[in-house]
Amino acid sequence: MMILSIALSILAGLAYAKICTDITVPVNINARQGVFDVPALRSNIDASTFALNFTSIKFNFTDVALTGYQTVTGPYNISAQFCRPDIMDKTYWDIEFNNHGYSYVDRAIAKGFCTVNIDRFGIGNSSHGDPLNLVQAPAEVSATYEITKMLRAGTFPTVPHKFQKVVHVGHSFGSIQTFLLSAQHPETTDGIVLTGWSANGTWLGQTIAGWNLHLARLNQPLRFGGTIAVDACRASPGSQGTNNSSSDATALIEQALATVGINLNRQEAWEETATTELGDILNGINATSGSAPQDLPTGYLTWADWTSNQYAFLYPPYYDLSLALFAERTKQPVTLGELFTLANGAPATTSFSGPVMVLTGREDTIFCGGDCLATGNLGGNIPKMAQPMFPNASVFEAYIQPNTGHGINFHYNATGAYDVINDFFIENGLGSS
Ligand SMILES: *[C@@H]1O[C@H](CO)[C@@H](O)[C@H](O)[C@H]1NC(C)=O
Ligand SMILES: *[C@@H]1O[C@H](CO)[C@@H](O)[C@H](O)[C@H]1NC(C)=O
Ligand SMILES: *[C@@H]1O[C@H](CO)[C@@H](O)[C@H](O)[C@H]1NC(C)=O
Ligand SMILES: *[C@@H]1O[C@H](CO)[C@@H](O)[C@H](O)[C@H]1NC(C)=O
Ligand SMILES: *[C@@H]1O[C@H](CO)[C@@H](O)[C@H](O)[C@H]1NC(C)=O
Ligand SMILES: *[C@@H]1O[C@H](CO)[C@@H](O)[C@H](O)[C@H]1NC(C)=O
Ligand SMILES: *[C@@H]1O[C@H](CO)[C@@H](O)[C@H](O)[C@H]1NC(C)=O
Ligand SMILES: *[C@@H]1O[C@H](CO)[C@@H](O)[C@H](O)[C@H]1NC(C)=O
Ligand SMILES: *[C@@H]1O[C@H](CO)[C@@H](O)[C@H](O)[C@H]1NC(C)=O
Ligand SMILES: *[C@@H]1O[C@H](CO)[C@@H](O)[C@H](O)[C@H]1NC(C)=O
């Protein structure tokens with residue numbers, strides 16, 4: 001879910017088509033990290049026990065689990081997609097607009113930026129690792145730092161261009177990491193935009209509770225477990241591009257329940273397959289042609305289903321239900337180590353001296369408790385209250401995107417938000433030249 005995007009401004013022009021390449025980038029990670037002691041999770045019940053621990057006011061569980069610190073180093077791969085404008089292709093608006101209506105990359109490319117999107121270290125097609133003591137925020141920030149240096153030095157694989165200006169756009173956990181990057185290496189970035197973020201951690205507990213954490217490998221065994229789908233042709237609510245209420249899976253559920261005397265109508269049977277964990281279990285059923293199941297260790301966790309996804313990330317009715325099914329089908333897990341380090345260990349301020357924007361959906365539940373404007377008599381908005389963390393920023397702007405939950409990119413007006421971001425860079429001298 002939380003992809004750290006790095007936008008680079010080099011090329012000029014308007015309405016370009018894009019050329020994208022998938023690249024595996026070898027990086028040497030070097031990070032000081034926490035060493036935590038948590039018993040290996042064996043089941044969904046253990047995952048729930050962890051959530052109880054993590055959210056309890058009885059103790060600070062991060063501190064209970066922390067046994068010390070260590071420096072983590074080593075070579076790992078980061079999976080990246082590099083995109084650049086291509087003025088030769090005339091078909092841009094005919095094809096890409098329809099297929100990528102929610103694409104930040106398309107919006108940025110249209111304004112002449114090049115972009116790099118990366119899978120976080122430990123997630124997706126990047127190197128995986130010990131979810132407790134290796135895959136933590138500091139290692140992920142280290143990977144982003146190394147990639148940024150490559151872009152500036154002209155050593156990023158297959159892109160022998162020395163980018164003079166590099167800006168960073170994070171989302172959620174990616175925004176937390178972007179803040180850390182700017183604090184540790186203020187010279188490495190020319191501008192930062194933190195989307196889906198505020199400095200107010202009040203709602204972290206309810207977020208973790210609302211996720212109803214389960215083991216990723218059990219939640220979507222066909223993507224994250226070790227199970228290979230035998231029948232790759234069976235339609236399901238999570239399968240690519242379909243929501244056929246007559247799909248085999250829904251019909252099977254209807255029939256199976258009828259045999260034990262539970263008679264659901266088609267709509268009810270669809271609810272059972274699409275909005276509960278059963279829908280997640282079916283996700284990946286058609287993925288045998290693509291990637292093999294990742295066989296993730298049990299310290300990789302995820303929220304339970306579409307309804308917990310909506311609670312954390314989506315604001316109805318301002319999102320397309322089909323897109324939510326897509327989001328659930330393509331979601332990525334979170335590690336124990338990330339949960340321990342996402343809110344802890346960060347410095348109070350960054351000395352970064354370039355422009356900073358925070359852009360958060362007004363109805364963000366995770367960072368605003370459901371209303372970013374609910375500041376009582378304090379004025380402004382909740383994300384704006386982070387301004388003291390950026391004392392040396394040349395510009396600080398907090399923008400509240402209307403009718404939008406935490407997952408900005410999944411809402412109908414996502415492109416409205418993208419334009420605000422890219423215009424911010426351009427207005428601050430970081431546009432294409
Ligand atoms: C939960 O916390 C208790 C008390 O510290 C500990 O004994 C137990 O191992 C923890 N379990 C998990 C799964 O976090
Ligand atoms: C909880 O413990 C961690 C690790 O010691 C620490 O970084 C964090 O500041 C603590 N949180 C609170 C709210 O005290
Ligand atoms: C990185 O990926 C390449 C293949 O693209 C592989 O040969 C190499 O072993 C990987 N390195 C690590 C550290 O996983
Ligand atoms: C699953 O894959 C099969 C084989 O490629 C294809 O015929 C079928 O339409 C796919 N089903 C869905 C729901 O995408
Ligand atoms: C849904 O699937 C059924 C049987 O699998 C098929 O007969 C029907 O045409 C499909 N409907 C749509 C709208 O695709
Ligand atoms: C990850 O790799 C698999 C196969 O190796 C590929 O099918 C998939 O498209 C890749 N995903 C991304 C996001 O790069
Ligand atoms: C899928 O079909 C069901 C049953 O007809 C319907 O209730 C639901 O709204 C549809 N979902 C989407 C995402 O179109
Ligand atoms: C901001 O810049 C001033 C002058 O360069 C410097 O003294 C100060 O330490 C910086 N503030 C932070 C938080 O780094
Ligand atoms: C978080 O925001 C709420 C609502 O505006 C406010 O009451 C609370 O004081 C804030 N907490 C922090 C730590 O900023
Ligand atoms: C879409 O987002 C833009 C940028 O925030 C905003 O100006 C516009 O009013 C929004 N449109 C709707 C329909 O909410």
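Each ligand, and each atom within it, is numbered from 1 in the order the structure gives.
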**Student:** Looking at Y318, I want to see if its OH is surrounded by more than 12 non-hydrogen atoms of other residues, nucleotides or ligands under 6.0 Å.
**Tutor:**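 Atom OH in Y318 is not crowded, with 12 or fewer foreign heavy atoms closer than 6.0 Å.
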
**Student:** Backbone, side chain, both or neither: what part of N60 comes under 4.0 angstrom of ligand 2, heavy atoms only?
**Tutor:**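 Contact part for N60 vs ligand 2: side chain (C-beta onward).
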
**Student:** For ligand 10, which part of D419 has a heavy atom less than 4.0 Å away: the side chain, the backbone, both, or neither?
**Tutor:**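 Contact part for D419 vs ligand 10: neither.
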
**Student:** What's the shortest distance from atom 9 (O) of ligand 9 to any protein heavy atom, and which residue and atom give it?
**Tutor:**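 Sorting protein heavy atoms by distance from atom 9 (O) of ligand 9 puts N200 ND2, 4.8 Å first.
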
**Student:** If every non-hydrogen atom of F424 is compared with every non-hydrogen atom of P355, which pair is closest and at what distance?
**Tutor:**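 Closest approach of F424 to P355: CZ-CB, 3.7 Å.
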
**Student:** Within a distance of under 4.0 Å, is there any protein heavy atom near atom 2 (O) of ligand 10?
**Tutor:**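 It does; a protein heavy atom is within 4.0 Å.
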
**Student:** Taking only heavy atoms of Y399 into account, list the atoms of ligand 10 that are under 4.0 Å away from them.
**Tutor:**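 This gives 4 (C), 5 (O) as the contact atoms.
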
**Student:** Give me the atom names and distance for the closest heavy-atom approach of Q164 to D190.
**Tutor:**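 Closest approach of Q164 to D190: O-OD2, 3.8 Å.
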
**Student:** Using a strict SG to SG cutoff of under 2.5 Å, would you count C114 and C83 as disulfide-linked?
**Tutor:**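 Their SG atoms do not fall under 2.5 Å; no disulfide, then.
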
**Student:** Show, in sequence, the C-alpha distance, side-chain angles and deciding distance for W303 and Y311, and conclude whether the ring pair (Phe, Tyr, Trp, His ring centres under 6.0 Å) test is met.
**Tutor:** CA-CA 10 Å; W303 54 87; Y311 183 81; over 10 Å; no

**Student:** For atom 5 (O) of ligand 9, is some protein heavy-atom partner under 4.0 Å away?
**Tutor:**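 Given the 4.0 Å limit, the answer for atom 5 (O) of ligand 9 is yes, a protein heavy atom qualifies.
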
**Student:** Check ligand 9 against T375 and write out every atom of the ligand that is under 4.0 Å from a heavy-atom position of the residue.
**Tutor:**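 Counting from 1, the qualifying ligand atoms are 5 (O).
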
**Student:** Is the count of non-hydrogen atoms from other residues, nucleotides or ligands lying under 6.0 Å from I45 atom CD1 greater than 12?
**Tutor:**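 No, CD1 of I45 has 12 or fewer neighbouring heavy atoms, counting only those of other groups under 6.0 Å.
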
**Student:** Where on W203 is there a heavy atom closer than 4.0 Å to ligand 9, on the side chain, on the backbone, on both, or on neither?
**Tutor:**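 Side chain only.
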
**Student:** Which ligand 9 atoms, with their elements, are less than 4.0 angstrom from a heavy-atom of T202?
**Tutor:**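 This gives 1 (C), 11 (N) as the contact atoms.
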
**Student:** Considering only heavy atoms of A374, which atoms of ligand 9 have at least one such atom less than 4.0 Å away?
**Tutor:**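 Taking each heavy atom of A374 in turn, ligand 9 has 4 (C), 5 (O) under 4.0 Å.
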
**Student:** Is T62 close to ligand 2, meaning an N/O of one under 3.5 Å from an N/O of the other?
**Tutor:**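 Among all N and O atoms of T62, none is under 3.5 Å from an N or O of ligand 2.
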
